[in-house]
Structures are given as structure tokens and as C-alpha cells.
Amino acid sequence: KKITDSLKRRLDKGLEYLQRFPDTKVIVSGGRGPGEDISEADAMAGYLTECGILPDRVIIEGRSTSTRENLAYSSKFLDPEHQSVGIVTNGFHMYRAALIARQEGYRHIHMIPATSNPVFQINYLVREFFAVLYLMIKMYIPGKKRT
């Protein structure tokens, strides 16, 4: 699994946090896409350990394929209703990630924004706008199951 620029920015922000708070554990979350040898979570764990984070601080969740699944599957490793949880994601994705986290039962979240490539910022923001709009429609249409 190749670590993209966007993912590296998140990992570096998480690494910075983990170095500042040495008792903190991290859940790396992400599945394996078509044609990929390892899951995104395994690639992230490898990157963090290569940067000096001890393997016993890294919890691997390697099944998820979306932000909702990242948060739902990761919640099995903690108590999202009572524990304080930091969520590292790119800045353009913060709002939707926080909305989904609340829907998934996370009550004490701290958003930790990573940068993103400014060349693609407009694209990220437009895509995110429509993803938030879709999420809002799903939340507020009576009888619709949220996804």
C-alpha cells in the first residue's frame, strides 16, 4: 500500500501528537483496496513504527472502507461514550468526520487537523460539500436509514 500525500500528512500530524503525549495509543484504521497487498491500517502502522512509535501503542483496524466504518470499527477498541478520543483527518474533512463520530456514539472528541495539498483544495472542498449535503439529507429524511 502506497502512502499518499494526504495520508502522510495525517500520519505526520498523528506522529507529532503521539510524540507529545507518550502514553497515548493510536488506532490506525483502513482496509485493503482492490490490488493492494496490505491494508491502509497496516501501512499506517508500519509508517508510525518506522518513525519510532512502539508497536504496543498501535492498534490496527484493517476492515473499514469509509469514515463511518473507520469510526464504528475503531469504537470496538475503546469506550467512545466515556473516553476522550482524538480524530486526525485532513482539515477539509473535519466537519463531516465530527458529525459521523457523534452519530457513532463518540461523545468526547478532539479534532486534530492535518493539512492537505493546496493544489487540490478546491476539489477536496467541493467533494466534501456534496458529501456533507448527502449526509444531512440522509439524517433528516423521515424513515430513511442513515449510512
Side-chain angles (χ1 to χ4, degrees), residues 1-136 138-139 146-147:
K1 170 83 182 176
K2 182 181 180 298
I3 293 184
T4 63
D5 175 69
S6 187
L7 179 56
K8 184 176 184 316
R9 288 169 188 259
R10 292 192 303 273
L11 286 165
D12 288 343
K13 182 55 81 169
L15 182 61
E16 187 182 296
Y17 189 90
L18 290 167
Q19 289 168 336
R20 209 166 86 211
F21 300 99
D23 293 331
T24 300
K25 290 194 179 232
V26 60
I27 300 170
V28 290
S29 185
R32 192 172 87 178
E36 293 176 339
D37 296 335
I38 63 170
S39 71
E40 186 172 65
D42 285 324
M44 290 189 284
Y47 181 89
L48 292 172
T49 55
E50 284 173 16
C51 290
I53 300 301
L54 295 175
D56 66 347
R57 292 179 66 193
V58 182
I59 300 165
I60 298 171
E61 181 290 298
R63 298 183 309 146
S64 56
T65 60
S66 67
T67 300
R68 185 169 303 282
E69 287 181 358
N70 289 147
L71 292 160
Y73 298 161
S74 293
S75 73
K76 309 295 185 236
F77 299 102
L78 50 93
D79 180 357
E81 213 170 295
H82 299 102
Q83 276 183 293
S84 182
V85 175
I87 299 173
V88 179
T89 192
N90 301 94
F92 65 85
H93 185 50
M94 299 296 284
Y95 180 75
R96 184 162 59 104
L99 275 179
I100 294 170
R102 287 187 197 97
Q103 289 175 345
E104 290 298 322
Y106 289 75
R107 296 296 170 250
H108 308 280
I109 58 174
H110 304 278
M111 301 305 290
I112 304 167
T115 61
S116 54
N117 186 328
V119 171
F120 300 114
Q121 193 67 14
I122 297 292
N123 180 55
Y124 294 144
L125 292 171
V126 169
R127 187 182 68 196
E128 198 65 17
F129 169 80
F130 285 106
V132 169
L133 185 61
Y134 178 79
L135 181 63
M136 294 293 191
K138 295 291 262 182
M139 283 173 49
R146 79 167 197 249
T147 58

Go through the side-chain N and O atoms of Arg9 and Asn90 and say whether any donor and acceptor fall under 3.5 Å apart.
-> no
Does a side chain donor of either Asp79 or Tyr106 reach within less than 3.5 Å of an acceptor in the other side chain?
-> no
Tyr95 atom OH, neighbour heavy-atom count above 12 within 6.0 Å | no
Whether over 12 other heavy atoms sit under 6.0 Å from Leu133 CG | yes
Sequence neighbours left out, what passes side chain to side chain contact (heavy atoms under 4.5 Å, CB included) with Ala72? Give chain and number order.
-> Glu104
Ser116 versus Ser6, side-chain donor and acceptor atoms under 3.5 Å = no
Quick one: does Val28's side chain get under 4.5 Å of Ile59's, heavy atoms only?
-> no
Would Val126 and Gln121 count as a side chain to side chain contact (heavy atoms under 4.5 Å, CB included) if you check the C-alpha gap in whole Å, the side-chain angles of each, and the deciding distance to 0.1 Å?
-> CA-CA 9 Å; Val126 169; Gln121 193 67 14; over 6 Å; no
Looking at OG of Ser75 and CD1 of Ile27, how far apart are the two atoms once the value is rounded to the nearest 0.5 Å?
-> 8.5 Å
Please name the pair of heavy atoms, one in Leu7 and one in Met44, separated by the smallest distance, quoted to 0.1 Å.
-> CD1-SD, 3.5 Å
For the student: nearest non-hydrogen atoms of Ile3 and Ala43, plus distance | CD1-O, 3.9 Å
Any side-chain heavy atom of Val58 within less than 4.5 Å of one from Tyr47?
-> no
Distance col, row Ile53:CD1 vs Leu11:CG, nearest 0.5 angstrom, shows 11.0 Å
Least distance between heavy atoms, Ile112 atom then Met94 atom = N-CE, 3.5 Å
For the atom pair OG1 (Thr115) and CZ (Phe92), what is the distance rounded to the nearest 0.5 Å?
-> 10.5 Å
Does the side chain of Asn70 come under 3.5 Å of the side chain of Thr67 through a donor N or O and an acceptor N or O?
-> no
Arg102 vs Ile109 side-chain heavy atoms within contact, under 4.5 Å | yes
Between the main-chain N or O of Leu18 and the side-chain N or O of Arg57, is there a donor-acceptor pair closer than 3.5 Å?
-> yes
Side chain proximity check, Met139 to Gln103, heavy atoms < 4.5 angstrom | yes
Heavy-atom distance under 4.5 Å between the side chains of Lys13 and Pro113, does that happen here?
-> no
Do Leu71 and Ile87 have side-chain heavy atoms sitting under 4.5 Å apart?
-> yes
Which heavy-atom pair separates Asn117 from Val119 by the least distance, and what is that distance?
-> OD1-N, 2.8 Å
Distance-only donor-acceptor check, side chains Arg107 and Gln83, under 3.5 Å = no
Could you give the distance from CG (Asn123) to CD (Glu128), rounded to the nearest 0.5 Å?
-> 11.0 Å
Between Arg63 and Glu69, does a salt bridge (charged side-chain N to carboxylate O under 4.0 Å, His left out) hold up when you go through it step by step?
-> CA-CA 8 Å; Arg63 298 183 309 146; Glu69 287 181 358; over 6 Å; no
Has Phe21 got more than 12 heavy atoms of other residues, nucleotides or ligands less than 6.0 Å from its CZ?
-> yes
Return yes if some donor-acceptor pair links the side-chain N/O of Glu36 with the main-chain N/O of Gly33 below 3.5 Å, else return no.
-> yes
Lys76 (side chain) donor-acceptor with Glu61 (main chain) under 3.5 angstrom = no
Check whether any side-chain heavy atom of Leu54 lies under 4.5 Å from a side-chain heavy atom of Thr49, and answer yes or no.
-> no
Residues in side chain to side chain contact (heavy atoms under 4.5 Å, CB included) with Glu50, at least two apart?
-> none
Does a salt bridge link Arg32 with Glu40, judged by any charged N lying under 4.0 Å from a carboxylate O?
-> no
Shortest non-hydrogen contact from Ser39 toward Gly30 = CB-O, 3.5 Å
Heavy atoms of Ala41 and Gly62 approach each other most closely as CB-CA, 4.0 Å
Contact check, side chains of Leu99 and Met136, non-hydrogen atoms, under 4.5 Å | yes
